[in-house]
Protein chains: 2
Amino acid sequence: MRGMAPSVFPTPDHDHGRCTADALAHAEALCEARSQRLTPIRRQVLEALLTSHKPLGAYEIIELTGQEGARPAPITIYRALDFLIENGLVHRIESRNAFIACIHNHAISDFVVFLICERCGAVGEVSSRAIGETLSNAAKAAGFTPKAPVVEVSGICAHCRGV
Amino acid sequence: MRGMAPSVFPTPDHDHGRCTADALAHAEALCEARSQRLTPIRRQVLEALLTSHKPLGAYEIIELTGQEGARPAPITIYRALDFLIENGLVHRIESRNAFIACIHNHAISDFVVFLICERCGAVGEVSSRAIGETLSNAAKAAGFTPKAPVVEVSGICAHCRGV
DNA sequence: GATGATTTGCTGCATTGCAACAATTAGTTT
DNA sequence: AAACTAATTGTTGCAATGCAGCAAATCATC
């Protein structure tokens, strides 16, 4: 079910618990395979992001992870985020200074476009080979060797536009 | 030598004074046409960006504009930047928290790709209809109504790769 | 020059992000 | 199990980015 037409936006009625659980399982498997440690803190940060399904600022994550009195320091969250981003489990949304869990199973190098709804804050994730190639060609035409493209598009999602 | 394929990266040997002067003249004409005021501060900020030809942080601009003892407050620079961005004279590079003068004469709505050299910091500006359309189509396929795409590509420019 | 709108100055502060070192924990070896 | 090494987390502190709110100055128009 995954692969050909990946769900771009998570529909409001999707099985959220399931999708969170799946993503967590995937994260565990991936860390296992790489001999990386998905420690409690890292797991909590990932869970917070998966649960929200929207981009969260680092300080919002602090709120969400430290319920029981003691809340983690900012640097703790940033370190967990660094780990998750390096392992392709989380993306950083540059235009928002925020972070979002990746619900696709793509490689870190895969080309990704983020569609960010200005109204509800939802983020759609499109992985388009066509765009990647077009972009890559344009870069090369300018003598530029591309590395990590950041493509973030603001707009209004189908749901908010009132389908 | 230039012209049809618009200069993506400013070559290191281009007539810098000329290009700065041209851009300033264009900015003046544009503000005039719109009954907007290109005040001294706004002009100084634009000049600083044009002179550097690289993305500058807001606080770098403060350094560059306040030589004679009194340096402008951050908010002053941010306000000038807001004005310049609204009028399409300056772009914000989200992935760097930095700003760069626009040396093309495109409309605000035009689609622009920034090629950011990781080594020398130079920024190339490509305006590609093909990319714009591909992106727009992908967004629409997801039921998304796009507004302002941010496309920023890190990499190594031709000059630094040692042409 | 009085009036209203725009711009700038000023004070203060919120947000984002990380450095540096100590303490702890996990994993490995003897 | 004790010792050792590497990775992770805690703590303190702070740098960088960005803006709110109000007062003062400037501009445009009548």
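All values derive from a computational prediction rather than experimental measurement. First the proteins, then the strands, lettered A, B, ... as listed; each starts at 1.
At distances below 3.5 Å, not a single donor-acceptor pair connects side-chain atoms of B:H16 with backbone N or O atoms of B:S52. At distances below 3.5 Å, not a single donor-acceptor pair connects side-chain atoms of B:H53 with backbone N or O atoms of B:A101. A donor-acceptor pair is defined here as one N or O able to donate and one able to accept, closer than 3.5 Å; no such pair exists between the side chain of B:E152 and the backbone of B:I116.
One can place CZ of A:R96 at 14 Å from P of C:dG17, the figure rounded to the nearest angstrom. Distance, B:R43 CZ to C:dT7 C1': 17 Å, rounded to whole Å. Distance, B:E94 CD to C:dT16 P: 14 Å, rounded to whole Å. For the pair A:E32 CD and C:dA26 P, the computed distance is 16 Å after rounding to whole Å. Rounded to a whole Å, the CZ atom of A:F83 is 14 Å from the C1' atom of C:dA26. A straight line from CG of A:D82 to P of C:dC18 spans 6 Å, rounded to a whole angstrom. Taking atom CZ of residue A:F99 and atom P of nucleotide C:dT15, one finds them 16 Å apart after rounding to whole Å. Atom CD1 in B:I77 sits roughly 15 Å away from atom C1' in C:dC10 (whole-Å rounding).
Separation of the A:H159 and A:F9 ring centroids does not fall under the 6.0 Å cut-off.
If you walk DNA chain D from 5' to 3' and mark each nucleotide with an atom closer than 4.0 Å to a heavy atom of chain B, the marks span D:dT17 to D:dC27.
Checking C:dA26, C:dT11, C:dG17 against the side-chain heavy atoms of A:R37 singles out C:dA26 as nearest.
Of the side-chain N and O atoms in A:N97, none sit less than 4.0 angstrom from OP1 or OP2 of C:dT15. For the OP1/OP2 pair of C:dT8 and a distance below 4.0 Å, the side-chain nitrogens and oxygens of B:T39 include at least one atom meeting the criterion.
Here the side chains of B:L64 and B:Q44 are not in contact, with every heavy-atom distance at 4.5 Å or above.
If you take OG1 on B:T65 and CG on B:L46, they are separated by 12.5 Å, rounding to the nearest 0.5 Å.
Exactly one residue among A:I93, A:L81, A:L49 makes a side-chain contact (heavy atoms from CB on, under 4.5 Å) with A:L56. That residue is A:L49.
Closest-nucleotide positions on DNA chain C for A:G57 and B:I75 were compared, and the one nearer the 5' end corresponds to B:I75.
Scanning atom types as modelled, no donor and acceptor separated by under 3.5 angstrom connect the side chain of A:R79 and the base of C:dG17.
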